[in-house]
Amino acid sequence: MRRAQVLLDTDFDGARFGAACAAHGGRRLHYIALAPRCVDASDLPEQWRTQWPPCVPGLHRMVSRDGLITLDLMIGEALSCLAQIAARIDEVLLAWVPAAVTVLARLMVDGGLLQAVHLDEAQRAALQQSGFVFDEGRLRAVFHARRPEHAAVTAPERRAIVIGAGVAGAAACERLAARGWKVTLIERHAEPASEASGNLAGIFMPLMSKDDNIPTRLVRAAYLYALNRWKDLGGIGAAIEGVQSGVLHLARDGAHAQVQRQIAASGVYPRQFARWLEAPEASAMLGAPAPDGAWWFAQGGWARPASVCAAMLDACGALLTRRFSSSALRLERGDEQWLVRDADGDLIAAAPTVILAAGTGAVDFEQAAGLPLDAVRGQVTHLAEGSLPGLPFVVCREAYMTPAHQGAVCVGATYDADADSSLRVASQHDNIAKIADILGVAPFEAPLAGRTGFRCMAPDRLPLAGALPDPGVPGRCERLRDVPRWPGLFGLLGYASRGLIWAPLAAELLACQLEGEPLPLESQLAAALDPARFLLRERRRNA
């Protein structure tokens, strides 16, 4: 697959974007655009309008129907966004000049082009000092690197093995197959989504915080990206079992509500993304007292993870080979590829690239044994429709409840630090008591029914997405790029309670890393997901 032409527009303009799309001539185009203010997308073609994100900070990825054009819209303060781009730029449309033009020079490939809207003499001189050589028109320049150019990205051999057929592994297969990779999926069960992804329903919604911290930004990016990917896979309620019903997220108490009001008053979030409801409106929606108010996430809802897995795997077509009922127990490296063997030592599959997406089962492999992953027990209660006051949307606080579907309501889930996979009466009582308190009804007894799964969780509750570290290679590490890695071994792990939305974006991130494409996240956020972050901290402490 030919590398895409990467173009940066420092202030999104629909006309410039349209001209670039028209000029790409059937070649792949990756258009990165900064948007320091809200953009009116009404004049854009329908294929972009239907994907257009709400005006919330962050990097928002959209892809044309034919897959040839990718648009990354970076909403936020322009200079901050520019500093967070992780890409090699072939051409820049310069609508404004950053105070430190070295930030721009850092992104350019040798021979990259610059087209400026306007330059004064001081700006032109600063660009010249950073390596831009202007032609006679004085608004066009070619960049000549004054430092060793990054080594060219070698096109990988597009064959991979994915171990684990939950949402993490299925998303990895889909994102790689979309780029022409041949993928072998290994799963010890007979069907996909048989472990943590086997619940009847998973809920999806964003996360809010007053300081818009890294977890909040990551969850927001994953949530919005997932909504678009699911549309491409056929949509929730069609190809994917579930309903985009909205989520009513109640404040915990008065102090928590006050913080939420401050977030709402900041004006950062448009109503279609998140709307704060004071007690009267929240209570009316809930049909019970909600004295501290609630967030209403209109685009949120629930989906059955197994149906999401099925849609992603079906999208892979003939590029996917399924090896189910196969227990991968050992990884060996030889002849520039990984060999995956079963308990008897028989070879299951071989490929240059292996992606571990098996949750806490990943640590059973010698190469990943040192990853700090814990299994956290979660019991979901299944109640007969009518057991509780019915709501047409998801409601949550200390527990969540989904709308009735096929006669069942899902309530949960517990957080337990033990390995008991059986259904427990105590856990069911806990779930029912929490949801009864939310709905203003008395706790009650119900037949013991539900499901127990085990979340894979890292100490910081963020996923691990990327190349796995090799702790056996000694050495001092100051930065993530210094950490030694296993060649061709990657992880998509630690999705905790948000696997539905983590899976698509983390898989896209990994696919971009493998292909040398612009990342779908700000560089700071991509670093927060790097599996080597824990080894880096350890070596810094011990230095």
Side-chain angles (χ1 to χ4, degrees), residues 164-170 189 191-205 207 215 219 222-223 226 241-242 247 249-250 252 300-309 357-363 372-383 388 394-403 405 408-438 443 446-464 492-503 506:
V167 289
H189 295 287
E191 298 290 337
S194 295
E195 293 281 350
S197 298
N199 286 349
L200 292 182
I203 67 173
F204 51 92
M205 64 179 183
L207 178 67
V219 169
Y223 168 72
E241 187 178 346
V247 176
H249 189 193
L250 301 167
R252 294 189 301 269
W302 69 273
R304 186 169 186 174
S307 72
V308 178
C309 288
T360 51
V363 299
L373 298 174
D374 291 320
V376 179
R377 180 182 183 275
Q379 181 173 319
V380 178
T381 296
H382 297 163
L383 297 173
L388 288 166
V394 176
V395 63
C396 58
R397 193 173 62 200
E398 291 84 0
Y400 69 81
M401 182 181 79
T402 61
H405 179 66
V409 172
C410 296
V411 175
T414 62
Y415 266 75
D416 307 313
D418 64 74
D420 180 12
S421 61
S422 63
L423 291 177
R424 296 201 297 238
V425 172
S427 294
Q428 174 147 311
H429 284 168
D430 185 44
N431 285 335
I432 292 175
K434 287 177 179 176
I435 202 66
D437 183 58
I438 289 173
L448 185 61
R451 188 177 187 277
T452 299
F454 291 88
R455 311 170 182 89
C456 177
M457 189 175 296
D460 56 10
R461 296 200 174 191
L462 292 179
L464 284 65
L492 292 171
L493 304 161
Y495 290 3
S497 299
R498 296 181 182 268
L500 268 181
I501 62 171
W502 283 134

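Worth knowing before you read on, the calculation uses all heavy atoms, side chains too, and leaves out hydrogens, waters and symmetry mates. We're numbering straight along the sequence, starting at 1. This is a predicted model, so every value here is computed, not measured.
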Close side-chain approach of Leu448 to Val425, heavy-atom, < 4.5 Å: yes
- request: Work out which heavy atom in Tyr400 is nearest to a heavy atom in Val380; give both atom names and the distance.
  value: OH-CG2, 3.7 Å
field: Spacing of OH belonging to Tyr495 relative to CG belonging to Leu462, to within rounding of 0.5 Å
entry: 12.0 Å
query: Taking Tyr223 for the side chain and Leu207 for the main chain, is one N or O donor matched with an acceptor at less than 3.5 Å?
result: no
- request: Can you measure from OG (Ser427) to CG (Asp420) and round to the nearest 0.5 angstrom?
  value: 8.0 Å
Side chain proximity check, Tyr415 to Arg455, heavy atoms < 4.5 angstrom: yes
Side chain to side chain, His405 and Arg304, heavy atoms closer than 4.5 Å: no
Separation between CD1 of Ile203 and CG of Leu500, rounded to the nearest 0.5 Å: 9.5 Å
- prompt: At what distance, to the nearest 0.5 angstrom, does CZ of Arg451 lie from CD of Gln379?
  reply: 11.5 Å
- prompt: Is there a side-chain contact between Thr360 and Asp374, using heavy atoms and a 4.5 Å cut-off?
  reply: no
Nearest-0.5 Å distance, CD1 of residue Ile435 to SG of residue Cys410: 11.5 Å
- prompt: So do Cys396 and Leu250 actually touch side chain to side chain, heavy atoms under 4.5 Å?
  reply: no
query: What are the two closest non-hydrogen atoms of Ala165 and Cys309, and how far apart are they?
result: O-SG, 4.1 Å
Taking every non-hydrogen atom, the tightest pair across Leu464 and Ala458: CD1-CB, 3.7 Å
- prompt: Under a 4.5 Å cut-off applied to non-hydrogen side-chain atoms, are Met205 and Val394 in contact?
  reply: no
message: Any donor-acceptor pair under 3.5 Å linking the side-chain atoms of Arg424 with those of Thr414?
response: no
statement: Closest heavy-atom pair, Gln428 versus Pro447, reported as atoms and distance to 0.1 Å, is NE2-O, 3.1 Å
statement: When Ile438, Thr381, Val395 are each screened for side-chain contact (heavy atoms from CB on, under 4.5 Å) with Met401, the one that passes is Val395
message: If you compare all heavy atoms of Ser197 against all heavy atoms of Gly166, which two are closest, and at what distance to 0.1 Å?
response: OG-CA, 3.6 Å
- prompt: Quick one: OG1 on Thr402 to CG on Leu200, what's the gap to the nearest 0.5 Å?
  reply: 8.5 Å
message: Less than 4.5 Å apart, side chain to side chain, heavy atoms only: is that true for Asp416 and Thr452?
response: no
query: Quick one: are Leu492 and Pro463 in side-chain contact, heavy atoms under 4.5 Å?
result: no
field: Closest heavy-atom pair and its distance - Val247, Gly300
entry: CG2-C, 3.8 Å
